[in-house]
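Letters A, B, ... are given to chains in the order of the sequence lines, protein chains preceding strands, and every chain is numbered from 1.
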Number of protein chains: 2
Amino acid sequence: MAVTIYDVARHAGVSPRTVSNVVNDYPFVAAETRRRVRDSIDSLGYRPNLVARNLRRGRTGMIALAVPELAVPYFSELSGAIMDEVAPRSYTVIIEQTDGDPARERALLEDRDRSHVFDGLIFSPLGLGASELGAIPGATPVVLLGERVNEGPFDHVSIDNVAAARSAVEHLASLGCRRIAAIGDQPYETGETAQVRTQGYHEALEAAGLSPDPALVVPTSNFHRSAGAEAMERLLELAEPPDAVFCYNDLLAAGAIRVLLDRGRRVPEDVAVVGFDDAEEGRYSTPTLSTVAPDKHVIAAMAVAQLFRRLDGDIGDPVDLRAPFALEIRESTIGRLQAIAALDGKAGAGRKGRRV
Amino acid sequence: MAVTIYDVARHAGVSPRTVSNVVNDYPFVAAETRRRVRDSIDSLGYRPNLVARNLRRGRTGMIALAVPELAVPYFSELSGAIMDEVAPRSYTVIIEQTDGDPARERALLEDRDRSHVFDGLIFSPLGLGASELGAIPGATPVVLLGERVNEGPFDHVSIDNVAAARSAVEHLASLGCRRIAAIGDQPYETGETAQVRTQGYHEALEAAGLSPDPALVVPTSNFHRSAGAEAMERLLELAEPPDAVFCYNDLLAAGAIRVLLDRGRRVPEDVAVVGFDDAEEGRYSTPTLSTVAPDKHVIAAMAVAQLFRRLDGDIGDPVDLRAPFALEIRESTIGRLQAIAALDGKAGAGRKGRRV
DNA sequence: ATCGATCTCTGCACCGATGCAAACTAGCCG
DNA sequence: CGGCTAGTTTGCATCGGTGCAGAGATCGAT
């Protein structure tokens, strides 16, 4: 059996309550007593039973992080960043994979108060739409990641997706591209993040004096590489195929580039490509991938800080936090030689991106 | 306050104990009573407090998964597979990132019995060597992933890394490559996995009648893309640079390929490259990446099954389980045209890989 | 009618910690 | 020296379930 607070108390010749006081750094413990208890703790190898502590305290010391899929680089990189933020606060992270399944997402939100497994939730919804999310109240704090869910009861962290998409498409237009396609729209209720990117895309087209062509906006059912490949195949079948593609994440872009190269198109000379998320793989791919880079560390820090603010009792109105992003310009839009020049020169355009 | 078993008992007009019996499907409960309790549970929205249950039962219903880094595709893909295996057993997974830090790895193992946060641990060690691991006993079951730690007290799941490495290098030799390099050796105590791959590499060289050249074996301090790039730079500076490279994971390969293409070498015509892990990104990269594909789903299933066997009380000797792997042959070794031919033809070599 | 077996339900203690408030000591002031 | 404050330690109840064992009820067999 494990060592309990009673074993330590007996060993140190004090009451269990005093051991608890020492463990919790209660100030009014005589130095000598504290020392004796500490010695006993060390020699017996006592560690508090967190389950018991949590039962009594009503907190579990764990926060849940729910993401659609860990195998998507954006989410694994973000998860790592969130865990790094949480660790110093001596909380533990439980990661749940929802696969974007609305039932699992709803279950997570509905059970969060009642099963007492975690104190707070950082949630990147995929299958649940704004109206459904808004209808699930509860006492356990939730911070949503991703595009804003209007009027919801939850705190919320995101980047300005409209501006981010716009900056990507403006960049393509500035290179002289005239037929700029978009891959990854999700024109149904839960595709909010995709839809605002489409909005930014349209705004940038308009600003550049380009007329939108509905055939150039290809929806996808998910954000995987295979979907990007399929969408690109479709675009290449058009009578007037695009000379640039804005993909709503880097995996779609990887799939699209693969198809382009397979079909003998050069990237970026024939078709320029921009992705979204700044997955590490895009820094080493051939060509390297120009991409919109949400600042994942800031997103993680904001989400965690806000969640802990709630855990500490803040009951203000839901807040809406915006993290910065940058446009990382690499070979898939400006070509290898210019990319090298941009890296060598101190010009901020390439390596450091444009802070927004 | 949350709904407790007492609230349900009062509402249904039975004792708390009976509610517990209903919740736990104790067979000797009258159908009528059961119905009434169920109704009360539903109408009050009762969910058992898992913290309290776990305190009493002495189990937490959680297993921990400790990996070096989630951002490495192999680990995020494996984590996803493990979570999928665990979910149907109504356990929850806590993921810990160790960053390969020996102190954190040791803390995890040493605290596993005492803090009572998880019932079992699936652990992919990186910073701890065989001797250190072997010296940490404890009651909480542990399943190790990765190369075998000799004589340790823990169960263990891996693929046959020697054979896997050998198959990769044999493949390169069969293509006519004569100077085959290896990137990713870790010639110090905790680099066991890397070392057995080096062993397989040497065995394959010998079998092919090639004499080993120490300069062709480049150690790296980690398995990231940047390390692969640096190692490749080093190899290209040799008087006789390699005509093939076996990389110990796909990230190293991605970095190596990037450098090769940057330096004007063609892959595979000038230098053929094989990776390890079968990360999804290698199926879409340019060129697509030939790689050793450990069967992650089998690894996950074996590890989880073995862990639950221990949780169910099995106290037999530590077991050593071997999962299958396959060699996936793609463009980075046989070129695009042949890869297409292999995919089109029913020949198993390309698409399906070679089961071992 | 008696007995044992089976079914159904319940009370009590307990898992291991902490909140609360009381008890006790010592020191200090007037 | 009484009274008060500050410091130190402690007992008791409690968080919300479940293990254990026993009390009743029911029923068929003898």
Side-chain angles (χ1 to χ4, degrees), chain A residues 1-38 40-41 44-62 90 111 113-119 139-140, chain B residues 1-38 40-41 44-62 90 111 113-119 139-140:
Chain A
M1 209 51 208
V3 181
T4 77
I5 209 168
Y6 295 91
D7 301 322
V8 177
R10 202 173 317 120
H11 187 271
V14 297
S15 80
R17 186 64 252 216
T18 297
V19 177
S20 173
N21 285 338
V22 170
V23 170
N24 292 286
D25 287 324
Y26 179 69
F28 300 123
V29 176
E32 160 62 14
T33 310
R34 187 183 303 274
R35 198 193 49 68
R36 226 170 51 244
V37 171
R38 286 252 163 79
S40 297
I41 286 176
L44 296 179
Y46 166 78
R47 302 297 319 269
N49 180 325
L50 297 184
V51 176
R53 170 181 290 175
N54 294 336
L55 173 60
R56 183 65 243 231
R57 287 195 178 157
R59 283 194 170 193
T60 68
M62 310 213 221
S90 56
D111 286 359
D113 292 313
R114 296 181 282 166
S115 62
H116 309 273
V117 176
F118 48 86
D119 298 334
T140 305
Chain B
M1 209 52 207
V3 181
T4 77
I5 210 167
Y6 295 92
D7 302 321
V8 177
R10 202 173 318 119
H11 188 272
V14 297
S15 79
R17 186 64 253 216
T18 298
V19 177
S20 172
N21 286 337
V22 170
V23 169
N24 291 286
D25 287 323
Y26 179 70
F28 301 122
V29 177
E32 159 61 14
T33 309
R34 188 183 302 274
R35 196 192 51 67
R36 224 169 54 243
V37 172
R38 288 252 163 79
S40 296
I41 287 176
L44 296 179
Y46 167 77
R47 301 297 319 270
N49 180 326
L50 297 183
V51 176
R53 170 182 290 176
N54 294 335
L55 173 60
R56 181 67 239 227
R57 287 197 178 156
R59 283 193 171 195
T60 69
M62 310 211 219
S90 55
D111 287 359
D113 292 313
R114 297 181 279 165
S115 61
H116 309 273
V117 177
F118 48 85
D119 299 333
T140 304

Nearest-Å distance, [atom1] ([X]) to [atom2] ([N])?
X	N	atom1	atom2	value
B/Leu55	D/dG17	CG	P	12 Å
A/Tyr26	D/dT10	OH	C1'	11 Å
B/Arg10	C/dC9	CZ	C1'	18 Å
B/Asn54	D/dT18	CG	C1'	11 Å
A/Arg59	D/dT14	CZ	P	23 Å
B/Asn49	C/dC15	CG	P	18 Å
B/His116	C/dC15	NE2	C1'	11 Å
A/Glu32	D/dG7	CD	C1'	16 Å

Is any side-chain heavy atom of [X] closer than 4.5 Å to a side-chain heavy atom of [Y]?
X	Y	result
B/Val19	B/Val14	yes
A/Arg59	B/Val51	no
B/Arg57	B/Leu50	no

First encountered from the 5' end of DNA chain C, between B/Phe28 and A/Arg47: B/Phe28

So which nucleotide from [options] ends up closest to the side chain of [X]?
X	options	value
A/Val14	C/dG16, C/dT10, D/dT10	D/dT10
A/Tyr6	C/dG16, D/dT18, C/dT8	C/dG16
B/Ser15	C/dG16, D/dT10, C/dG11	C/dG11
B/Asn24	D/dT18, C/dT10, C/dT18	D/dT18
A/Ser20	D/dG19, C/dA17, C/dT18	C/dT18

Below the 4.0 Å mark, does [N] have OP1 or OP2 next to a side-chain nitrogen or oxygen of [X]?
X	N	result
A/Thr33	D/dT9	yes
A/Arg57	C/dT18	yes
A/Asn21	D/dT8	no
B/Tyr46	D/dG17	yes

Less than 3.5 Å apart, any donor N or O on the side chain of B/Ser20 or B/Arg17 sitting next to an acceptor on the other?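 Yes, because at least one side-chain N or O of B/Ser20 sits under 3.5 Å from a partner of the opposite role on B/Arg17.
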
Give the intermediate values and the outcome of side-chain contact (heavy atoms from CB on, under 4.5 Å) for residues A/Val117 and B/Met62. CA-CA 10 Å; A/Val117 176; B/Met62 310 211 219; 4.1 Å; yes

No-H, no-angle donor-acceptor pair, A/Arg56 side chain to C/dT18 base, under 3.5 Å: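 It does, because a donor-acceptor pair links the side chain of A/Arg56 to the base of C/dT18 below 3.5 Å.
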
Is there, by distance only and without an angle test, a donor paired with an acceptor across the side chain of B/Arg17 and the base of D/dG17 below 3.5 Å?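 Donor-acceptor pair under 3.5 Å: no.
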
What residue among B/Val3, B/Asp7, B/Val8 forms side chain to side chain contact (heavy atoms under 4.5 Å, CB included) with B/Ile41?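 Output: one option passes, namely B/Val8.
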
Looking across every strand, which nucleic acid part, if any, lies under 4.0 Å from A/Thr4 by heavy atom: base, sugar-phosphate, or nothing? sugar-phosphate

Whichever of B/Ala52 and A/Gly13 has its nearest DNA chain D nucleotide further upstream toward 5': A/Gly13

